[in-house]
Amino acid sequence: MPVKEIMTNSESKMKKAADVLADELKGVRTGTASTGLVENIRVEYYGNPTPLKALAALSTPQSDMILVKPFDPGSIKDIDKAILASDVGLTPMVDGKVIRLNVPTLTGERRIQIVHQIKGFGEQAKVSVRNVRRDEIKTLEKEEEGKLITKDDMEKGKKQLDDMAKQYTDKIDHMVKHKSDEIMQG
């Protein structure tokens, strides 16, 4: 496998780790209502786990409320059950054909817990990036052993992987810091 192909493959895997973190951070509660808190909750709909955003219109009519309006009114019980079973910590109130979710303000202690949770997500993402780097370095070494690439190409590839991993871990640190600041300032 040519070095360029290994780099492209590595870049897409590291980007995926950062994208997964970004999705996880969207679902973290900040004290203000955001549809990102609930849009990826999986609802058992006709036997298929379906994201809530595919089953209902989500809106935030107030800064402390999320409104869920199912496209199919028959799915309201399934949505209610899925929200209760999720770990978002919001209690749904069924109001006719809509579900209201009140988002309470966060206490100082809860903010600190959430920041710790965010840092854990960030650490998982950085471990994923480092694992990609390690695996791709092994690939480079095997390619060089098999005389498919030169020693110089292997060394350049390792340097590129190190730089790429640093770039993505810095990006992850920035995302974690930004979200942590947002939580602590409320």
Side-chain angles (χ1 to χ4, degrees), residues 1-31 34-55 58 82-83 85-90 106 109-185:
M1 185 185 310
V3 175
K4 188 173 184 173
E5 196 175 319
I6 292 171
M7 293 304 129
T8 304
N9 190 22
S10 303
E11 173 104 37
S12 75
K13 288 178 183 175
M14 289 182 189
K15 183 179 181 332
K16 178 123 174 78
D19 291 346
V20 166
L21 174 64
D23 279 349
E24 284 177 331
L25 293 181
K26 264 202 275 182
V28 174
R29 209 164 95 197
T30 59
S34 164
T35 58
L37 292 172
V38 295
E39 66 186 17
N40 291 318
I41 291 176
R42 298 274 174 193
V43 179
E44 222 24 70
Y45 186 65
Y46 290 109
N48 294 321
T50 309
L52 180 56
K53 64 183 171 188
L55 296 175
L58 304 172
I83 293 170
S86 74
D87 62 355
V88 294
L90 300 175
L106 298 173
E109 188 177 312
R110 182 68 182 128
R111 288 178 197 277
I112 291 168
Q113 288 174 341
I114 291 172
V115 167
H116 284 295
Q117 181 184 21
I118 289 168
K119 287 179 180 173
F121 290 155
E123 203 47 50
Q124 288 172 341
K126 289 196 288 189
V127 165
S128 295
V129 167
R130 288 192 291 263
N131 287 343
V132 169
R133 180 184 152 277
R134 180 198 62 216
D135 294 345
E136 298 301 340
I137 284 175
K138 284 181 185 174
T139 303
L140 283 170
E141 289 169 347
K142 284 180 187 168
E143 296 283 314
E144 195 266 336
E145 277 176 28
K147 304 288 185 217
L148 298 170
I149 62 173
T150 66
K151 187 159 183 68
D152 282 349
D153 285 345
M154 181 189 71
E155 293 302 325
K156 281 182 196 167
K158 283 182 176 181
K159 171 94 174 80
Q160 283 180 303
L161 283 170
D162 288 344
D163 293 345
M164 193 184 302
K166 170 120 179 59
Q167 174 190 343
Y168 276 96
T169 54
D170 288 350
K171 180 178 181 178
I172 288 166
D173 285 340
H174 176 75
M175 290 164 59
V176 167
K177 182 180 180 343
H178 179 75
K179 189 67 171 190
S180 297
D181 290 349
E182 186 181 324
I183 297 286
M184 292 312 285
Q185 291 167 359

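The first residue in the sequence is number 1, and the count goes up from there.
We find the NZ-CE distance between Lys16 and Met14 to be 15.0 Å, quoted to the nearest 0.5 Å. Taken from CD1 in Ile6 to CD1 in Ile137, the straight-line distance is 11.0 Å, to the nearest 0.5 Å. With values rounded to the nearest 0.5 angstrom, Thr35 atom OG1 is found 9.5 Å from Leu52 atom CG. Atom CG of residue Asn48 and atom CG of residue Leu55 lie 10.0 Å apart, to the nearest 0.5 angstrom. In this structure, CD1 on Ile172 lies 10.0 Å from CG on Leu25, to the nearest 0.5 angstrom. To the nearest 0.5 Å, atoms NZ (Lys179) and CD (Glu24) are separated by 12.0 Å.
Residue pairs meeting the side-chain hydrogen bond (donor to acceptor under 3.5 Å, both in side chains) criterion with at least one partner in residues 119-129, sequence neighbours excluded, are Glu123-Arg130, Lys126-Asp173. Within the structure, every pair that satisfies the salt bridge (charged side-chain N to carboxylate O under 4.0 Å, His left out) test and touches residues 34-49, not counting sequence neighbours, is listed here: Lys26-Glu39.
Under the rule for a salt bridge (Lys or Arg N to Asp or Glu O under 4.0 Å), Lys142 has no partner lying at least two apart in sequence or in another chain. Asp19 is linked by a side-chain contact (heavy atoms from CB on, under 4.5 Å) to Lys15, counting only residues two or more places apart in sequence or in another chain. Take Glu109 and apply the side-chain contact (heavy atoms from CB on, under 4.5 Å) test, not counting sequence neighbours, and it matches Thr107, Gln113. Every side chain to side chain donor-acceptor pair (under 3.5 Å) that Lys177 has, sequence neighbours left out, goes to Asp181. Applying the side chain to side chain donor-acceptor pair (under 3.5 Å) criterion to Thr8, with sequence neighbours excluded, gives no partner residue.
Listed here is the closest heavy atom pair of Gly122 and Leu21: N-CD1, 3.8 Å. Closest approach of Leu90 to Ile83, counting heavy atoms only: O-CG2, 3.9 Å. When all heavy atoms are compared, the tightest approach of Ser86 to Ile41 is OG-CD1, 3.6 Å.
Checking side-chain atoms of Arg111 against main-chain N and O of Ile183 turns up a donor-acceptor pair under 3.5 Å. Between the side chain of Lys13 and the backbone N or O of Val132, no donor-acceptor pair lies under 3.5 Å.
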Margin query: What verdict does the side chain to side chain contact (heavy atoms under 4.5 Å, CB included) test give for Met7 and Leu140, after you've listed the backbone C-alpha separation in whole Å, the side-chain angles of each residue and the deciding distance to 0.1 Å?
Written below: CA-CA 10 Å; Met7 293 304 129; Leu140 283 170; 4.3 Å; yes

Identify every side-chain donor-acceptor pair in residues 154-166 under 3.5 Å, counting partners at least two apart or on other chains, and give the distances.
residue	atom	partner	partner atom	Å
Lys158	NZ	Glu141	OE2	3.0
Lys159	NZ	Asp163	OD1	3.1
Lys159	NZ	Asp163	OD2	3.1
Asp162	OD1	Arg133	NE	2.6
Asp162	OD1	Arg133	NH2	3.1
Lys166	NZ	Asp170	OD1	3.2
Lys166	NZ	Asp170	OD2	2.9

